[in-house]
Peer 1: 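I'd like to ask you about the structure that follows.
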Amino acid sequence: MINEYLLYAAGALNIVVAVFHLLFWKLFHWKTELKKISSLNSAVMQVMNLRLIYLFLLTAFLCFFYTRDLVETRVGNAMLIGFSFLWLGRLVEQFIFFKLNHWIGYAVTFLFIAGTVLFALPVFMK
């Protein structure tokens, strides 16, 4: 039962991150900031962001409605490990591309650690 709760938490985390990504246009002033780069780069950034939102929402959906399948099947376990590596990769990139000189940077780093752990634990706690 603990594995199901871990995946519900992982699903909730994915919804939070999807909402955060929906706010990128306002938070990062993309209406004005993206005009400073080429239209191609602007388009790529926005399309990637929209696809990430979709991926986070799809992952949350799977966590909430296919919990047992994720925990009990080999393909489910492979997906959980893949999701965990997605979060782990983003954690590593946090240290490469961003400065951790503000509490928000530390909070986001914690979220990436949480995502890594929440998706990996159900596979290894069998």
Side-chain angles (χ1 to χ4, degrees):
M1 192 64 171
I2 188 76
N3 288 335
E4 286 83 3
Y5 291 128
L6 290 169
L7 289 183
Y8 294 149
L13 175 64
N14 275 266
I15 290 173
V16 167
V17 174
V19 170
F20 177 59
H21 275 261
L22 282 169
L23 298 172
F24 273 21
W25 281 266
K26 184 170 182 83
L27 289 172
F28 300 113
H29 312 285
W30 276 8
K31 188 174 183 177
T32 56
E33 290 297 318
L34 292 182
K35 289 180 182 177
K36 297 176 184 177
I37 60 176
S38 72
S39 61
L40 178 60
N41 283 328
S42 173
V44 168
M45 282 184 64
Q46 292 178 82
V47 168
M48 283 192 303
N49 190 52
L50 289 168
R51 293 303 89 213
L52 278 173
I53 293 166
Y54 173 82
L55 178 65
F56 289 129
L57 293 175
L58 174 62
T59 304
F61 173 80
L62 293 172
C63 288
F64 291 129
F65 297 102
Y66 291 90
T67 312
R68 180 176 282 170
D69 296 304
L70 289 171
V71 173
E72 295 179 1
T73 67
R74 289 179 60 202
V75 70
N77 281 203
M79 291 177 72
L80 290 176
I81 293 299
F83 295 149
S84 181
F85 275 112
L86 176 97
W87 287 93
L88 178 63
R90 182 56 183 85
L91 174 64
V92 170
E93 292 160 355
Q94 182 73 5
F95 294 102
I96 296 171
F97 295 107
F98 297 92
K99 296 178 183 173
L100 292 178
N101 57 359
H102 193 272
W103 71 268
I104 294 174
Y106 294 108
V108 171
T109 300
F110 172 78
L111 290 178
F112 300 140
I113 293 168
T116 302
V117 172
L118 287 171
F119 282 109
L121 275 181
V123 175
F124 298 107
M125 288 182 51
K126 290 181 164 187

Peer 1: Going hydrophobic residue to hydrophobic residue with side-chain gaps under 4.5 angstrom, can you get from Leu27 over to Met45?
Peer 2: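 Hydrophobic grouping puts Leu27 with Met45.
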
Peer 1: If you measure from CZ on Phe119 to CG on Asn77, what distance do you get to the nearest 0.5 Å?
Peer 2: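 Those atoms lie 13.0 Å apart.
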
Peer 1: Grab the two heavy atoms, one from Ile37 and one from Ser42, that are nearest each other, plus how far apart they are.
Peer 2: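 Answer, listing the atom of Ile37 first, then Ser42: CD1-N, 3.6 Å.
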
Peer 1: Tell me whether Asn49 contacts the main-chain N or O of His21 through its side chain, where contact means a donor paired with an acceptor under 3.5 Å.
Peer 2: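 Answer holds: yes.
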
Peer 1: Out of Lys36, Lys35, Lys31, which one pairs with Glu33 under the side-chain contact (heavy atoms from CB on, under 4.5 Å) rule?
Peer 2: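 Running side-chain contact (heavy atoms from CB on, under 4.5 Å) over Lys36, Lys35, Lys31 with Glu33 returns exactly one hit, Lys36.
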
Peer 1: Distance from Leu23 atom CG to Phe20 atom CZ, nearest 0.5 Å?
Peer 2: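 Separation between the atoms: 8.0 Å.
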
Peer 1: Is it true that Met48 and Leu86 fall in one hydrophobic cluster, defined by side-chain heavy atoms closer than 4.5 Å?
Peer 2: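 No; Leu86 is not reachable from Met48 via cluster members.
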
Peer 1: Can you tell me how far CG of Leu6 sits from CG of Leu13, rounded to the nearest 0.5 angstrom?
Peer 2: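 One gets 12.0 Å once the value is rounded to the nearest 0.5 Å.
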
Peer 1: Report the distance from atom CG of Leu100 to atom OH of Tyr106, rounding to the nearest 0.5 Å.
Peer 2: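 One gets 5.5 Å once the value is rounded to the nearest 0.5 Å.
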
Peer 1: Let me know which of Thr67, Ile2, Leu7 forms a side-chain contact (heavy atoms from CB on, under 4.5 Å) with Pro122.
Peer 2: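 The residue from Thr67, Ile2, Leu7 that satisfies side-chain contact (heavy atoms from CB on, under 4.5 Å) with Pro122 turns out to be Leu7.
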
Peer 1: Heavy-atom distance under 4.5 Å between the side chains of Trp87 and Val17, does that happen here?
Peer 2: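 They are in contact (side-chain heavy atoms under 4.5 Å apart), so the answer is yes.
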
Peer 1: If we ignore hydrogens and angles and just use 3.5 Å, is the side chain of Tyr8 paired with the main-chain N or O of Cys63 as donor and acceptor?
Peer 2: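 Not a single qualifying donor-acceptor pair exists.
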
Peer 1: Taking atom OG1 of Thr109 and atom CD of Gln94, what is their separation to the nearest 0.5 Å?
Peer 2: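 Thr109 OG1 to Gln94 CD: 4.0 Å, rounded to 0.5 Å.
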
Peer 1: Nearest 0.5 angstrom please: Leu50 CG to Leu55 CG, how far?
Peer 2: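 Spacing of CG (Leu50) from CG (Leu55) equals 12.5 Å.
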
Peer 1: Strictly distance-based, threshold 3.5 Å: is any side-chain N or O of Asn14 a donor or acceptor partner for the main-chain N or O of Ala10?
Peer 2: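 Looks like yes, one N/O pair under 3.5 Å.
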
Peer 1: Under the side chain to side chain contact (heavy atoms under 4.5 Å, CB included) rule, what do Phe83 and Leu62 come out as? Steps first, then yes or no, please.
Peer 2: CA-CA 11 Å; Phe83 295 149; Leu62 293 172; 4.2 Å; yes

Peer 1: Is Glu72 reaching over with its side chain to a backbone N or O of Asp69, donor-acceptor style, under 3.5 angstrom?
Peer 2: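 Answer holds: no.
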
Peer 1: State which residues pass ring pair (Phe, Tyr, Trp, His ring centres under 6.0 Å) with Trp30; sequence neighbours excluded, sorted by chain then number.
Peer 2: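 With sequence neighbours excluded, Trp30 shows a ring pair (Phe, Tyr, Trp, His ring centres under 6.0 Å) to Phe24, Trp25, given in chain and number order.
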
Peer 1: Do Leu88 and Phe85 have side-chain heavy atoms sitting under 4.5 Å apart?
Peer 2: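 A side-chain contact exists here, since the closest heavy-atom pair is under 4.5 Å.
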
Peer 1: I'd like to know if Phe65 and Val16 are part of one continuous hydrophobic network [Ile/Leu/Val/Met/Phe/Trp/Tyr, side-chain heavy atoms within less than 4.5 Å].
Peer 2: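 Hydrophobic grouping puts Val16 apart from Phe65.
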
Peer 1: Examine Ile113 and Phe97 and state if one hydrophobic cluster contains both, with Ile, Leu, Val, Met, Phe, Trp and Tyr joined whenever side-chain heavy atoms are less than 4.5 Å apart.
Peer 2: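 No: no chain of side-chain contacts under 4.5 Å links Ile113 to Phe97.
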
Peer 1: Using a cut-off of 6.0 Å, state whether more than 12 heavy atoms not belonging to Tyr66 lie near its atom OH.
Peer 2: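 No - once you tally the heavy atoms of other residues, nucleotides and ligands closer than 6.0 Å, there are 12 at most.
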
Peer 1: Applying the 4.5 Å side-chain criterion to the ILVMFWY set and letting contacts propagate, would Ile96 and Leu91 be lumped into a single cluster?
Peer 2: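 Different clusters.
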
Peer 1: Looking at Thr73 and Leu70, would you say the former's side chain and the latter's main chain have a donor-acceptor pair under 3.5 Å?
Peer 2: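 No; zero donor-acceptor contacts below 3.5 Å.
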
Peer 1: Locate the shortest heavy-atom distance separating Ala18 from Phe56; write the atom from each residue and the value.
Peer 2: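 Closest pair (atom of Ala18, atom of Phe56, distance): CB-CB, 3.9 Å.
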
Peer 1: Does any non-hydrogen side-chain atom of Phe112 lie less than 4.5 Å from one of Val92?
Peer 2: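 They are not in contact (no side-chain heavy atoms under 4.5 Å apart), so the answer is no.
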
